[in-house]
Amino acid sequence: MEASPALIVFVASEGAFGPAPDLVLSGINHGPNTGNAILHSGTVGAALTGAGLGAMAVALSVDSPRPEHWETAAAVARRAIEWAASRGVPGVVLNVNAADLPLSEVRGLRAAPLAAFGAVQAELDRRDQHHFTVTFTQIRRGEAEISEAERTDAGLLRRGWVTATAVRASFEPAEIDIEALTYAGEDLDPMPGSA
């Protein structure tokens with residue numbers, strides 16, 4: 001099936017390929033998925049979809065756009081999958097980032113909170129009305145920001161750790177007043193130019 005990762009997980013969860021999965025594995029993604037930027041990740045999005053549909057889920061990434069140490073990523077994936085299968089909680093995603101280092105050089109695996117920022121920044125360059133290029137560049141931070149972020153997933157990964165962060169797949173209603181938005185059918189003004 002050719003589709004977005006989240007759509008594939010959705011149709012699999014609806015029984016398109018057999019029984020719905022108990023465990024969804026997404027990745028191994030080339031490049032890290034760290035910080036609040038995981039919201040924009042297809043890898044994490046597929047895992048969130050599975051978790052939102054009741055499965056246990058793991059999103060796996062390696063800290064390089066061109067990984068060289070697949071044996072490390074594979075060992076990390078095995079450990080994460082074993083943990084999720086025995087201790088995972090339906091509705092929760094285990095987001096795991098492996099350092100792209102030889103296994104003997106990895107410092108270990110640490111639970112880590114999400115950084116306030118991701119590992120890369122996206123820049124949009126519009127060539128003309130119909131074409132544009134998106135470029136991803138690694139973020140360079142000032143010393144104060146780096147020291148504050150050392151205990152986060154991005155900071156630990158940068159220092160050679162494998163990181164794991166548990167995130168919940170839930171949408172909760174926001175406690176804000178939207179009563180002014182409501183209307184009765186006859187009270188809705190037509191949009192300009194729609195008459």
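It should be emphasised that the depicted structure is a prediction, and the values quoted were computed from it without experimental measurement. All values below come from the heavy atoms of this structure, side chains included, with hydrogens, waters and symmetry mates left out.
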Derivation and outcome, side chain to side chain contact (heavy atoms under 4.5 Å, CB included), residues Trp161 and Asp153: CA-CA 9 Å; Trp161 290 90; Asp153 58 351; over 6 Å; no
Pairs involving residues 42-52, ordered by first then second residue, that meet side chain to side chain donor-acceptor pair (under 3.5 Å) (sequence neighbours left out): Asn29-Thr43
Which atom of Leu53 lies closest to which atom of Ser13, heavy atoms considered: CD1-CB, 3.5 Å
Qualifying side chain to side chain donor-acceptor pair (under 3.5 Å) pairs, either residue in residues 92-112, two or more places apart: none
Side chain to side chain contact (heavy atoms under 4.5 Å, CB included) against Ala75, all qualifying residues, sequence neighbours excluded: Arg78, Leu103
Nearest non-hydrogen partners of Ser26 and Ala46, listed with the distance: OG-CB, 3.5 Å
Asn36 versus Ala116, closest heavy-atom pair with distance: ND2-O, 3.6 Å
Residues that Ser61 engages under side chain to side chain donor-acceptor pair (under 3.5 Å), provided they are two or more places apart: Asn33
Residues clustering with Leu25 (ILVMFWY side chains joined when closer than 4.5 Å, directly or via others): Leu23, Ile28, Met56, Val58, Leu60, Val62, Trp70, Val76, Ile81, Trp83, Leu94, Val96, Leu101, Val106, Leu109, Val162
Glu82 with Arg87: basic N within carboxylate O range, under 4.0 Å: no
Non-hydrogen side-chain atoms of Arg151 and Pro113 separated by less than 4.5 Å: no
Criterion side chain to side chain contact (heavy atoms under 4.5 Å, CB included) on His30 and Arg66, from CA distance to verdict: CA-CA 7 Å; His30 294 205; Arg66 292 177 202 79; over 6 Å; no
Other ILVMFWY residues reachable from Val92 by side-chain steps of under 4.5 Å: Val89
Short side-chain to backbone donor-acceptor contact, Ser64 and Gly31, under 3.5 Å: no
Nearest-0.5 Å distance, CG of residue Leu114 to OG1 of residue Thr165: 5.0 Å
Closest approach of Ala47 to Ala57 (non-hydrogen atoms, all atoms of both residues): O-CB, 3.3 Å
Least distance between heavy atoms, Ala154 atom then Thr34 atom: CB-OG1, 3.9 Å
Shortest non-hydrogen contact from Ala115 toward Thr152: CB-OG1, 3.5 Å
Separation of Glu68 CD from Thr72 OG1 (nearest 0.5 Å): 11.0 Å
